[in-house]
Protein chains: 2
Amino acid sequence: MAGFDLAREVSDKYSLRGMVFTKIREDILNGVYKEHEELKEAKIGKELGVSRTPVREALRQLELEGLVQIIPNRGAFVTGISAKDVQDIYMIRARLEGLCARWACEFITKEQMEAIEENVYLAEFHSGKGHMEQLAELDNQFHHILYEACNSKFLKHQLLDYHEYLLRVRRKALGTQTRATVSIKEHRAIMEAIRAGNANLAERLASEHMTNAYENLVQNGLYDVYKK
Amino acid sequence: MAGFDLAREVSDKYSLRGMVFTKIREDILNGVYKEHEELKEAKIGKELGVSRTPVREALRQLELEGLVQIIPNRGAFVTGISAKDVQDIYMIRARLEGLCARWACEFITKEQMEAIEENVYLAEFHSGKGHMEQLAELDNQFHHILYEACNSKFLKHQLLDYHEYLLRVRRKALGTQTRATVSIKEHRAIMEAIRAGNANLAERLASEHMTNAYENLVQNGLYDVYKK
DNA sequence: CATGTACTGAGTGTATACAATTATACATGC
DNA sequence: GCATGTATAATTGTATACACTCAGTACATG
């Protein structure tokens, strides 16, 4: 996409710093490093076979991503996510996903529209078979397509941020079969609203899609881990 | 506020990196560095009397803040802000300021409520006298109080980001007398909705406050500088 | 003249050395 | 026993040296 984005792709995967950044990020998201665990520059550098410099830079970036907190002269620590944080993010996302869908009505390209339609069809197919792995991937893809389609680098950047951030929670909250079915119905409704160019409807549906996802998360009590 | 925040205060003002970060950030916001200007590590380090290391770290952070773009092996460049970017940010802010006002209804403390009321009174006073300097400061303050009152570190962080980001534009768009008057009326309405605990109204008013501010900006054609 | 190629220099990427700060352990005094 | 002080180790903060990349340029070649 024109090779310009704010954060994600910018931490080029081929410099040492970029690789270290990606690695630590994954390790945090996958729970390799627990909350409040200290990340020591020398230790990580040794493990990855690099010096402290790229590790430091990666940590400084992860700080701004919100995944670690750096206390001057003390060190870097994995940030905690409380239940309220999760709720906040879902509510913020509800607004922004709505805005994203609204803008998609205006800016979506033919190719993107086709990609969305294919995505929904595929999801409906895998849903019947109970392929949860593919469904999770398709869900990610659905949202990513919209993030591109909204044609706003800021909104896209923001939503990508929150999306990845919530992986820490969602990894544990693999959707139930029933939620998956409902979720896909909502995707279809959003898709059709966008195809019809109905911006108000698309915004409302996308926003509700988020609050529903959050309700589901809460009802299943799937993130007790993060209760403070 | 409990000494914990994601980005702003985190770049401690007392380490070299923090100082460099703050300095470059200010220089960009104040227009010392023009758009697309290259920021060379050695040159900046020399000017500030520090080595390249803290400069590099500061630049990497500014990249994630969206103020500079780093091209691997090439350098750091001040990002451009297009007219559409400005519009996008205002629309995003419209949603988030609304959410912020909604949450403030729930979480605002007695002290914060008093601070908001005092802020509005003062603004009404200075408005009559045409003290534009104080009005700008009070406007900042009004929003910052709400950012605290919403009780969400994520939302606060996000809104602070955009708020400072827009300084690059607003610096040139010093409000007109008439806009100032209207703006303060809107502040009062928001304040009263929060005091009444009317979340729906507060959210709507705060959101409209943003779209109005943007409309004003456009009508006065005050940011032609940023036209692509 | 156009094109390709090797060279060069400016600038970033990384490693490492050293300084400053903080944490830990232990001794000392009350 | 508890607080306080001090020495030492561990860790981060900063500076610097060196390696690598890339854009531009001069020059050779067709």
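We use all heavy atoms of the structure for the numbers below, so side chains are in, but hydrogens, waters and symmetry mates are not. In what follows, every chain begins at residue 1, and chains take the letters A, B, ... in the order their sequences are listed. All of these numbers come straight from a predicted model, not from anything done at the bench.
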For [X] and [N], what is the distance between atoms [atom1] and [atom2] respectively, to the nearest whole Å?
X     : N      : atom1 : atom2 : value
B/I44 : C/dT12 : CD1   : C1'   : 13 Å
A/E57 : C/dA15 : CD    : P     : 11 Å
B/K40 : C/dT12 : NZ    : C1'   : 12 Å
A/I70 : C/dT22 : CD1   : C1'   : 16 Å
A/L59 : D/dT11 : CG    : P     : 14 Å
B/R17 : D/dT12 : CZ    : P     : 13 Å
A/M19 : C/dG13 : CE    : C1'   : 13 Å
A/K46 : D/dT11 : NZ    : C1'   : 14 Å

When you check the phosphate oxygens OP1 and OP2 of [N], does a side-chain N or O of [X] lie under 4.0 Å from one of them?
X     : N      : answer
A/R60 : D/dT12 : no
B/R52 : C/dA10 : no
A/S51 : C/dA15 : yes

First of B/A42 and A/G49 reached from the 5' end of DNA chain C, by closest nucleotide =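 Looking at DNA chain C, the more 5' nearest nucleotide goes with B/A42.
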Residue mapping more 5' on DNA chain C - nearest nucleotide basis, B/G75 or A/V50 |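 Between the two, 5'-proximity favours B/G75.
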Answer yes if the ring centres of B/Y90 and B/Y162 are under 6.0 angstrom apart, and no otherwise.
->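 Ring centres of B/Y162 and B/Y90 not closer than 6.0 Å.
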Quick one: are the ring centres of B/F142 and B/H187 less than 6.0 Å apart?
->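 Yes: the rings meet the under 6.0 Å criterion.
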Heavy atoms under 4.0 Å, any strand shown: does [X] hit a base, just sugar-phosphate, or nothing?
X     : value
B/R74 : sugar-phosphate
A/L39 : sugar-phosphate
A/I71 : nothing

If we ignore angles and hydrogens, is there a donor and acceptor under 3.5 Å between the side chains of A/E63 and A/Q69?
->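 Looking only at side-chain atoms, A/Q69 and A/E63 do not form any donor-acceptor pair under 3.5 Å.
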Might you confirm whether atom CD of B/E38 has over 12 heavy atoms from other residues, nucleotides or ligands at distances under 6.0 Å?
->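 Yes, the 6.0 Å shell around CD holds more than 12 heavy atoms from other groups.
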Which nucleotide in the set [options] lies at the smallest distance from any side-chain heavy atom of [X]?
X     : options                : value
B/N73 : C/dA15, D/dC22, D/dT12 : D/dC22
B/E41 : D/dT11, C/dG13, D/dT16 : C/dG13
B/T53 : C/dT12, D/dT11, D/dT14 : D/dT14

Please name the residue in the list A/K153, A/E97, A/H157 that meets the side-chain hydrogen bond (donor to acceptor under 3.5 Å, both in side chains) test with A/Y147.
->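 When A/K153, A/E97, A/H157 are each tested with A/Y147, the side-chain hydrogen bond (donor to acceptor under 3.5 Å, both in side chains) holds only for A/E97.
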